[in-house]
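Beneath this line is the structure, given in structure tokens, with notes to follow.
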Amino acid sequence: MTVQLELVSEHRCYGGWQRYYQHASTAIGLPMRFAVFLPEQTEASSAKAEGGQPMGTTRRPVLIYLAGLTCTEDTFTVKAAAQQYAAHHGLILITPDTSPRGAGAPGEEESWDFGTGAGFYVDATTPDFAKHYRMESYVADELFTLATTVLPGDAERVGIFGHSMGGHGALVLAQRHPDKFKSVSAFAPIAAPTRCPWGEKAFTGYLGEDRSQWEQYDASCLMSQQTTAPYPGGILIDQGLADQFLERELYPHVFEEACAKVGQPLVLRRHDGYDHGYFFIMTFMGDHIAHHARQLGA
Ligand SMILES: N[C@@H](CCC(=O)N[C@@H](CSC=O)C(=O)NCC(=O)O)C(=O)O
């Protein structure tokens, strides 16, 4: 596979490197951007990066983070305080943008909860969106492959987590691709998108009016249909109780019920006073990265 990754910028960080890349995405059919933190355990070097060669010789576990509505690859990178924990455990952290940019689909710029910045990590099937809005394929196939071939990630040790729309993405992609993602966690995920306004709007636009098609991208529906626990090592979810979106959009109790029904171990922690933002996320980031490090054998 010949892949041209354009290094947009790199920054020394906790003994490793924080990098931003752009590339021509085959899944999306447009340029895409992602950020990656390479811990020093990958033996990254700026000389190798300048030469455009794969950097690092030691394959390390990878953790993919999916961000929420309105975010880019930069949001988690600068706001979540995650690199210090990844450096400690020797984990590679990768976070993609949240949608195609400049797809030209009708209505994609009209609202902050649909279209640009709101790809919902699905492969769209409606005619207006099917060509470029293919975020499931982008994350689970293209980014996964980049992370474990061009970048020095270990393909057998990849985990996934995310926040809000990205928490939904993590819980769904993990269940749809358990062969690829060996650990999963989420911050304030949209846990039952077929029941909430954000999910109804996105799924109507990306998947069409037939609600039976939506269930394949609803973490709670997927979990309730499992015959055995897909993640026997456990799933971790943190939820703030002062979250402004909790009642209307998130429904963590529905996912909790689905896990109980199929015997999926779940640690769902509810925290007084925490809202939906990155101060909440950074508070519990160390626990999430430790959860993945344990399950990935980092
Ligand atoms: N613009 C919106 C708020 C958008 C918002 O809160 N986005 C969240 C994710 S929400 C679910 O996916 C986010 O992560 N924002 C980035 C940040 O830096 O906080 C509004 O007007 O309410």
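Atoms within a ligand are numbered from 1 in the order they appear, just like the ligands themselves. Just so you know, these numbers come straight off a predicted model, no measurement behind them.
Between the side chains of E142 and S137, no donor-acceptor pair is found at a separation under 3.5 Å.
Looking at S164 next to ligand 1, an N or O pair under 3.5 Å apart turns up. Of the N or O atoms in K79, one or more lie within a sub-3.5 Å distance of an N or O in ligand 1. For the pair C71 and ligand 1, the shortest N or O to N or O distance does not fall below 3.5 Å.
Taking the centre and axis of the six-membered ring of F181, the NZ or CZ atom of R176 falls outside the cone set by 45° and 6.0 Å.
When ring centroids are compared, F129 and F114 come within the 6.0 Å threshold. Here the two rings, on F120 and W198, have centers that are 6.0 Å apart or farther. The aromatic ring centroids of Y65 and H163 lie 6.0 Å or more from each other. Checked against the 6.0 Å centroid criterion, the rings of H271 and F284 qualify as a close aromatic pair.
Atoms of ligand 1 found under 4.0 Å from any heavy atom of H276, numbered from 1 in the order shown, are 10 (S), 11 (C). The W198 neighbourhood of ligand 1 comprises atoms 10 (S), 11 (C), with distances under 4.0 Å to a heavy atom of that residue. Below 4.0 Å from some heavy atom of T70 lie the following atoms of ligand 1, by number and element: 4 (C), 7 (N), 15 (N). Taking a cut-off of under 4.0 Å to the non-hydrogen atoms of M165, the atoms of ligand 1 that pass are 11 (C), 12 (O). Under a 4.0 Å criterion applied to the non-hydrogen atoms of T75, ligand 1 contributes the atoms 16 (C), 18 (O).
Under 4.0 Å is where a charged nitrogen must lie from a carboxylate oxygen, and between E256 and R270 at least one such pair does.
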TODO: Please report the C-alpha distance between E40 and Y14 in whole Å, then the side-chain angles of each, then the deciding distance to 0.1 Å, and finally whether the side-chain hydrogen bond (donor to acceptor under 3.5 Å, both in side chains) criterion is met.
DONE: CA-CA 8 Å; E40 65 183 341; Y14 286 101; over 6 Å; no

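Between G277 and ligand 1 there is no heavy-atom distance shorter than 4.0 Å.
Regarding atom 6 (O) of ligand 1, its nearest protein heavy-atom neighbour is F245 CE1, 3.9 Å. Here the protein heavy atom with the shortest distance to atom 22 (O) of ligand 1 is W112 CZ2, 3.8 Å. The protein atom (non-hydrogen) at minimum distance from atom 7 (N) of ligand 1 is L69 O, 3.0 Å.
Judged purely by atom type and a 3.5 angstrom limit, T72 uses its side chain to pair as donor or acceptor with the backbone of D74.
With a 4.0 Å cut-off on non-hydrogen atoms, I190 does not touch ligand 1 at all.
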